[in-house]
Amino acid sequence: MENELFTLSKTYDFKGTEERIYAMWEAAGYFKPQNDPAGLDHDPSIRPFVISIPPPNVTGELHLGHAMFVSMEDLMIRHQRMKGVPTLWVPGSDHAGIATQLQVEKHLLRTLEESREEIGRERFLEYTWEWKRKYGGIITDQIRRLGASCDWDRERFTLDNGLSRAVNEAFVRLYERGLIYRGPRLINWSPGLKTAVSDLEVEYHEEQGKLYHFKYRIQGGDDFLPVATTRPETILGDTAVAVHPEDERYQAFIGKTALVPILDRPIPVIADAYVDPEFGTGALKVTPGHDPNDYEIGERHNLPIVSVLDREARVTEEGGPYAGQDRFEARKNLWEDMKAQGLVIKEEPYSHQVPRSQRGGEIIEPMISTQWFVDIKPLAEPALQAVQDGRIRIVPEYFTRVYYNWMENIQDWCISRQLWWGHRIPIWYAPDGTMFCARSEEEAHEKAEVHFGEATQLEQDPDVLDTWFSSGLWPFSTLGWPDETADMAYFYPTTMMETGYDILFFWVARMIMMGLAFTGEIPFETVYLHGLIRDEQGRKMSKTIGNVIDPLTVMDEMGTDALRFTLLVGSTPGKDTNLSLKRVEANRNFANKIWNAGRLVLGLIPRCPREPEREPRWTMADGWIWARLNQLIAQVDRLFEGHQYGEAGRQIYDFFWSEFADWYLEIAKLQVSEGGDRAHYTVDLMVRTMDTCLRLLHPFTPYVTEELWQRMKKATQTHSEKLIPEDGPWAEALIVAPWPAAAPQQGWEEGNIARFTLLQEIVRTIRNLRAEKNVQPGLKIGATLVAGDLAHDIGHQSATIASLAKIQEDHLRIVEYLNEKPEGSIALVAGPVEIYLPLAEMVDPEEEKLRLGKDLQETEAQINRLQQLLDGPFAEKAPEKVVQGEREKLAGYLESADKIRAQLESLQ
RNA sequence: GGGCGCGUAGCUCAGCUGGUUAGAGCGCACGGUUCACAUCCGUGAGGUCGUGGGUUCGAGUCCCUCCGCGCCCACCA
């Protein structure tokens, strides 16, 4: 054969294809919004569809979480683009303060054997920028490889000049509104990272520890209060002992003076309702400097605050003999000394929640420290409102409850970090301590000059801002805010915020708060939250367990399309996905199926006669596939509308494989071989159906579909201009081809589908029996079909039936009725059709009776069920349409039962 | 302590606004190599949808109880 089939590999070659196709898309500018504000065809009546990418850490390497959001967002973007909506997907990356600094520090130690303190802030930052330039591109390259159709010309980095300007602007505005304050507060201190972290960056783990019971001696006597603690070293910072005001046991102690063990520092015994008399000993040591609750008690009772731990969690001078010791060492030593002094009562095993740093993993120490905070309530209020009144919609819906819950109990946000890599806090101090908050150093100097009447030395605050502060501005800072850019005017508010539910508070909530605060508008209309990717057994992927699946390896082995399809179809919004490689493999097979179906179509195109002689006339199969295709389009549209992307993909998969490929293409081969007009119409319809499937699949599996589509376009154009998609000429590329529209129903569809379904049933019934009776697969047998009224319709399909069921065509009889059962045949029933196969010699009549008897039994069971149903209240209460459906089913079963009975009789 | 989610075939999971014979992939069993595909084709076995109750003509789907699992938030020493 001279056709193209043999020039194409049987296996889809994704490796070469992906790179070539992506380069083609990018070069052609398909990733740019069609109605770019800079362009001339800007149509203000069409709202663009905009996504800001969740910026990956600049030092990161692609993991499945990235693969998930990229696939999902690319799906949405491609879908909208094909629908003709101007789409913008803004890419970028995040400087990721702590993560990057840690990584660079490690690298620095390894290569130059120097710490960041040794080389100093300035050199360290240079070094880090160098690092960023070198490795920052890795992640974006990997994202491209996933097929991400971002507008790469708009790529942003959170430490870019523009974005840094936005950060300063935001800080200044909050400061001027009085929503930023600085002060000593109890914060979460990470001794490993030597910085403060926010509440969200602390993770609590249930851990086995000890509860230490000891005696708090009362001054001037032998009395003592029994007290329990999990952290004995904090005893050194106690400034009170508290009991419940109504606790009868301890009434006498209230107002007395207790002595801190070892230090003998006198502290008051106070009464506070916070103390739970039931817990522990019922007496509580109060350490305002190292415990959030105690801090509050301290405020109520005006207690002094003693800090006994320093930045590295070593005991301070306040700790007397333990000064300089590490916190755990001090814990041990102090406890030993207390034992020696007879102050120890007991220690018991105790499991409790231990706070650990999300990044470093070490135990977080609550400490008093001077930090910058955002007064968050005034920002949270409108953010809560925006979701409550529906301006922002969260998918899946149940996450709105989670959002409310958090927003309603939100605490002030500690935004300063004692790091170097990040946005430096735009505050400058004069030598006398006066603060100037300014957008730039120049502005700070101007302000200082106005304030002092002369130029002054200024020093900028050494701290940097929490990374999430800049991320919170992302949807608008990437569009040029605070400037009133064309992009801001046209693309903002953005449309879709697609991200993992794990950063709902970290990121999404903050973007909503800051978006409303700075732009006065919501930053996005919809929040779509996907789940986490776990391993096959539902465990988190981690290097220590060794169950990490690397998306790059998966792409190498199975192709990007397979990975994307798996992530997209295997996930439900908000729910975690257990990824199994078996699944990816199955979807690689699907990609290959698409490829091979494409090869067949390509091979048949040249066999299409150029000009049909008569008006088109479709076969039953033609009408069926066309009707089903249109149903599919309608379904997919509905599902996309409701963000049910996975279900949409599944339906396309099923249609493509088990209807189009398994049935229609098989039949199309036969119809094409008839030649003439039939061949023409068949190829025409087949190409159109394939074209539509490729369009529907494109957002899921962009590469294989684009490749095939290009080839189809070329093949049809060289062959016949008549072979074009119904809605106009072939587009330039599939990525910008119009999304299919379902043809309006004309009324014949359901009947056609029903008739074809019967045909399928006939074929299956025959195949089934052949398999059961071990009829040689290649052996063609004869058959007689008794089809009553349907004989005419089915008669037209004799070639199809013959081919699919391996019946010898000239021995296939299709008749309306039969007086007598054909000699030596075995009888079957498919719906209202009786089938006789000349295989009597292969079967035992008794066995046949059993088989038919079983059939009859099943059919009668259905009849009974339906009759009862229809006799009951169902017939009156259920909608007419549903009842009618059941009646038709009943009629069908009754007919089948008759046929089976007749056959049983003839066996007697 | 508060909030949320899950429990469907041996395994991993779908199942939207309740519509009456519950689906897929993998695995399993049997059979298949000429003309798209063994990364394939055909046929089949396999589930009282965690438990108990309720609403309804009708419940895997809605409501409640209980059992089991998971997650998030929260200051119990």
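Both backbone and side-chain heavy atoms feed into the values below; hydrogens, waters and symmetry mates do not.
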side-chain contact (heavy atoms from CB on, under 4.5 Å) partners of A:Ser803, counting only residues at least two apart: A:Leu670

Which residues share a side-chain contact (heavy atoms from CB on, under 4.5 Å) with A:Arg331, sequence neighbours left out: A:Tyr212, A:Arg231, A:Pro232, A:Glu233, A:Phe328

Of residues 588-597 of chain A, the positions that come close to RNA chain B - non-hydrogen atoms, cut-off under 4.0 Å: A:Arg588, A:Asn589, A:Asn592, A:Lys593, A:Asn596, A:Ala597

A:Trp657 side-chain N/O to B:C41 phosphate OP1/OP2 under 4.0 Å: yes

Between the protein and nucleotides 56-65 of chain B, list every N/O to N/O distance that falls short of 3.5 Å.
from	atom 1	to	atom 2	distance (Å)
B:C57	OP1	A:Lys877	NZ	2.9

Say we look at [N] and [M]: how far apart would their [atom1] atoms be, to the nearest angstrom?
N     : M     : atom1 : answer
B:G27 : B:C11 : C1'   : 7 Å
B:C37 : B:G47 : C1'   : 32 Å
B:U48 : B:U34 : P     : 41 Å
B:U65 : B:C4  : P     : 12 Å
B:U17 : B:C62 : C1'   : 12 Å

Pairing residues for A:His213 by the ring pair (Phe, Tyr, Trp, His ring centres under 6.0 Å) criterion, not counting sequence neighbours: none

Base-paired stems that RNA chain B participates in, counting runs of 3 or more Watson-Crick or G-U pairs under 3.5 Å: B:1-7 with B:67-73, B:10-13 with B:23-26, B:28-32 with B:40-44, B:52-54 with B:62-64

B/S/- contact track for nucleotides 68-77 of chain B, protein heavy atom under 4.0 Å: ----SSBBBB

Nucleotides 42-50 of chain B: which of its N/O atoms have a protein N/O under 3.5 Å away?
from	atom 1	to	atom 2	distance (Å)
B:G44	OP1	A:Asn768	ND2	3.2

Could you list the donor-acceptor pairs under 3.5 angstrom formed by side chains in residues 774-781 of chain A, with sequence neighbours left out?
none

Expected list for residues 865-887 of chain A: side-chain donor-acceptor pairs under 3.5 angstrom, two or more places apart:
from	atom 1	to	atom 2	distance (Å)
A:Arg865	NE	A:Gln862	OE1	3.1
A:Arg865	NH2	A:Gln862	OE1	3.0
A:Glu886	OE2	A:Lys889	NZ	3.4

Residue pairs, two or more places apart or on separate chains, that pass side chain to side chain donor-acceptor pair (under 3.5 Å) and touch residues 570-579 of chain A: A:Tyr501-A:Asp576, A:Arg534-A:Asp576

Contacts of A:Lys10 that satisfy side chain to side chain donor-acceptor pair (under 3.5 Å) - sequence neighbours left out: none

Sugar-phosphate, base or nothing in reach of A:Ala861, heavy atoms under 4.0 Å: nothing

A:Lys10 NZ - B:A36 P separation (whole Å): 9 Å

